[in-house]
2 protein chains.
Amino acid sequence: MRADARRNRDRILEAARDAVAERGADAPMELIARRAGVGVGTLYRRFPDRGTLLAALAEQYVHELMDALDRAVAAEPDAWAAVRAFVVYSVEKGRGAIAAALAGTSAPQARQTLVQRLDELVRQAQADGAMRSDVGTGDLMELLNVFACHPGVIPERFLPLVLDGLDRRQPRRRNK
Amino acid sequence: MRADARRNRDRILEAARDAVAERGADAPMELIARRAGVGVGTLYRRFPDRGTLLAALAEQYVHELMDALDRAVAAEPDAWAAVRAFVVYSVEKGRGAIAAALAGTSAPQARQTLVQRLDELVRQAQADGAMRSDVGTGDLMELLNVFACHPGVIPERFLPLVLDGLDRRQPRRRNK
DNA sequence: CTTAAGCGGAAGGTTGGCTTCCGGTTCTAT
DNA sequence: ATAGAACCGGAAGCCAACCTTCCGCTTAAG
């Protein structure tokens, strides 16, 4: 693969990430190309169809999250603290609707590994009594998607709130 | 206004609500018409353009929320309980992306009244020490939008969690 | 029974995005 | 340095989806 070709490939992926973040999974191919500083032709040569492009994006995204998880675990001795750190990072990193847009397409095996590892951590945090136990790993992933879909005010205002909601203490029935 | 005309108008509004909920603010006019069991012509005669239709929808929606608020206040003596009840109702009622889709279009004065009344309630709940005070009414409305955008698993799983997060006790810094 | 209000949906027009294709350009191996 | 394979850009053609208008037929209502 020629050097310029590789460079373009990377640029395209980056541009696609931004575009998908802002405009959803069906962001115009031409927009992606222009942002990458590349012609549509180039885009199509590298990724024959939108599906291929999205799949590449998904794989990259999952890998990034995986790295983030590793880092969080390394940095935080406490399981619950690691979960928090991972969620915070993911929300900041997961620009726009990427996660949601890719939820279906997402590379199955990589994603599964990610979920599996996160699950261990969550169970640990719950076993420690630090995290409420009526919310599972699947819920957590879902939560990340929601945040990813609402960039801007939502994450900054509500992330702490939700994290507090996830914290310790069993849920108590309040009404009735 | 002829009886059949009125009936059709109502049906259209209902169909539009569903369609917008599922497909967003730019749901095809023809889809709306067909669901209402009506020809496109009828739809256009009643609502000359999409904007008019959306405005009508928004107004109706805001009125519903206002009623809900009144009911919540009447039923619950405690301010914080009323806020909770209102939020729960809104999330259940606010099908799909209606709220978000209409956020911009929304009838200004009615919306303002709604926000104003909710604000009183929120302040009361906060003054009672029952609701955390670093989240305002605006945030609450935003929250409703987010929930409205993610029908299905999100509301049911996360609403209690978020409500717990809103509850009492000042936020405490946890990390660092 | 009359008639004005109302109705349906085909048709025409517009927009916006997808893909292909090919003449020109740039790497890179020798 | 240079040949030639790989690569590039973007104009052009195609298509699908949607909007909106229009008019002959239907029906409520007095």
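Naming convention: chains lettered A, B, ... in sequence-line order (proteins, then strands); numbering from 1 in each chain.
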Please report, to 0.1 Å, the donor-acceptor pairs under 3.5 Å made by any side chain of residues 45-56 of chain A, with sequence neighbours excluded.
| residue | atom | partner | partner atom | Å |
| --- | --- | --- | --- | --- |
| A:D49 | OD1 | A:G51 | N | 3.2 |
| A:D49 | OD1 | A:T52 | N | 3.0 |
| A:D49 | OD1 | A:T52 | OG1 | 2.8 |
| A:R50 | NE | A:A25 | O | 3.0 |
| A:R50 | NH2 | A:D26 | O | 3.4 |
| A:R50 | NH2 | A:A27 | O | 2.2 |

ask   = Atom CG of A:L53 and atom P of C:dC18: how far apart are they, to the nearest Å?
value = 11 Å
query = Using a cut-off of less than 4.0 Å, is there contact between a side-chain N or O of A:T42 and OP1 or OP2 of D:dG9?
reply = yes
Salt bridge A:D67-A:R71, side-chain N to carboxylate O under 4.0 Å = no
message = Mind checking if B:R46 touches a base, just sugar-phosphate, or nothing, with heavy atoms under 4.0 Å?
response = sugar-phosphate
request  = Between protein and nucleotides 19-30 of chain D, map the contacts as a letter string: B base, S sugar-phosphate only, - none, heavy atoms under 4.0 Å, written 5' to 3'.
outcome  = SBB-----BSS-
ask   = At under 4.0 Å between heavy atoms, what does B:R9 touch on the DNA or RNA strands: base, sugar-phosphate, or nothing?
value = nothing
ask   = Under 4.0 Å between a side-chain N or O of A:N8 and OP1 or OP2 of D:dC8?
value = yes
ask   = Using 4.0 Å as the upper bound for N to carboxylate O, is an ion pair formed by B:R35 and B:E22?
value = yes
query = Is it the case that more than 12 heavy atoms not belonging to A:Q126 sit under 6.0 Å from its CD atom?
reply = yes
task = Under 4.0 Å between any heavy atoms, over every strand shown, what does A:R11 touch: base, sugar-phosphate, or nothing? Just pick one.
result = nothing
note = Here the distance between atom C1' of C:dG17 and atom CZ of A:R23, to the nearest Å, is 10 Å
message = What is the distance, to the nearest angstrom, from the CD1 atom on B:I32 to the P atom on C:dG8?
response = 15 Å
query = Can you find a heavy atom in the side chain of A:V38 that is under 4.5 Å from one in the side chain of A:R11?
reply = no
ask   = Would you call B:R17 and B:E64 a salt bridge, taking side-chain N to carboxylate O under 4.0 Å as the test?
value = yes
